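Starting from 1, each residue takes its place in the sequence as its number. Predicted, not measured: the structure shown is a model, and the values here were computed from it.
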Amino acid sequence: MTNGTLHDIREQVELAGDEMMTAEFLATEGALEWFGAVLEDSQAWAALGVRQWRYLLEDNLHTLEEGVRVRSIEDLADLPRTHLQRRMTHLGEGLTASRDLARRSFQRSLEPLRSVWAPFLEMVGRDHRG
């Protein structure tokens, strides 16, 4: 082997070592970022669930209070409609919040791939092409 070939091999080994260290760093950083996002999203899901349970209890309590105050058959007949309107409003709010939170969670889970790994893989490709 010539001296030039050994030099080229050393450079390739050093480059591969540097890229491995970078990959380890990026993997750790990405895992921590992803784990933090999962924790935040889990808290948001729990808060959403608590809010929906609170709405359920409040809606039922409100309907019960209205039922106690009923003074006519028309008021009594209107009670299910108003209760369902309140429930549908709160359930709709919960579904919208769930959809938005699911979208945010999905986008955040892919963020390390887009922002960290794609540029790293491009760099590795350039290093080994040129």
Side-chain angles (χ1 to χ4, degrees):
M1 280 193 174
T2 65
N3 222 6
T5 306
L6 288 175
H7 180 69
D8 290 343
I9 292 173
R10 272 195 203 110
E11 283 183 357
Q12 288 296 318
V13 168
E14 287 177 13
L15 182 60
D18 291 345
E19 288 171 349
M20 276 304 273
M21 286 187 347
T22 303
E24 288 176 15
F25 174 77
L26 293 176
T28 302
E29 181 184 25
L32 290 174
E33 181 181 326
W34 181 83
F35 186 67
V38 166
L39 286 177
E40 286 178 17
D41 290 344
S42 296
Q43 290 173 337
W45 282 111
L48 178 61
V50 167
R51 187 168 53 250
Q52 285 299 308
W53 278 106
R54 190 188 80 227
Y55 283 156
L56 176 65
L57 294 173
E58 288 174 355
D59 290 344
N60 288 330
L61 183 60
H62 191 83
T63 300
L64 182 63
E65 289 171 347
E66 284 180 350
V68 170
R69 289 192 302 263
V70 165
R71 298 291 179 238
S72 70
I73 194 74
E74 290 84 16
D75 291 343
L76 184 61
D78 198 41
L79 204 54
R81 183 189 60 77
T82 58
H83 177 75
L84 285 175
Q85 282 178 331
R86 266 192 310 279
R87 290 303 305 137
M88 294 304 286
T89 299
H90 288 142
L91 288 172
E93 178 187 313
L95 287 173
T96 299
S98 294
R99 183 196 66 219
D100 294 344
L101 185 53
R103 182 181 298 128
R104 183 186 86 176
S105 297
F106 180 71
Q107 289 172 345
R108 288 174 73 171
S109 70
L110 295 178
E111 182 58 31
L113 294 174
R114 189 172 42 251
S115 66
V116 175
W117 285 106
F120 172 73
L121 294 174
E122 287 175 18
M123 178 192 73
V124 170
R126 280 192 311 269
D127 288 347
H128 292 283
R129 277 191 304 264

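Here the closest non-hydrogen pair linking D41 and S105 is OD2-OG, 3.0 Å. Counting all heavy atoms, side chain and backbone alike, A97 lies closest to L48 at CB-CD1, 3.6 Å.
Once rounded to the nearest 0.5 Å, the distance linking CZ of R104 with OG of S109 reads 11.5 Å. Going from atom CG of L64 over to atom CG of D59 covers 12.5 Å, rounded to the nearest 0.5 Å. With rounding to the nearest 0.5 Å, the separation of OG1 in T96 from CG in L101 is 12.5 Å.
Hydrophobic cluster membership for W53: L56 (Ile, Leu, Val, Met, Phe, Trp, Tyr linked by side-chain heavy atoms under 4.5 Å, directly or transitively). Chaining together hydrophobic side chains whose heavy atoms lie under 4.5 Å apart leaves L61 on its own. Chaining together hydrophobic side chains whose heavy atoms lie under 4.5 Å apart places I73 alongside V70, L76, L79.
Side-chain contact check for E93 versus R51: some heavy-atom pair is nearer than 4.5 Å.
If you check the side chains of R103 and Q107, you find no donor sitting under 3.5 Å from an acceptor. For the 3.5 Å distance criterion, the side chains of H62 and E66 qualify, holding a donor opposite an acceptor.
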Show your working on side chain to side chain contact (heavy atoms under 4.5 Å, CB included) between T82 and R86 and close with a plain yes or no.
CA-CA 6 Å; T82 58; R86 266 192 310 279; 4.2 Å; yes

Using the side chain to side chain contact (heavy atoms under 4.5 Å, CB included) rule, take R108 and V38 through it: C-alpha gap first, then chi angles, then the decisive distance, then the call.
CA-CA 9 Å; R108 288 174 73 171; V38 166; over 6 Å; no

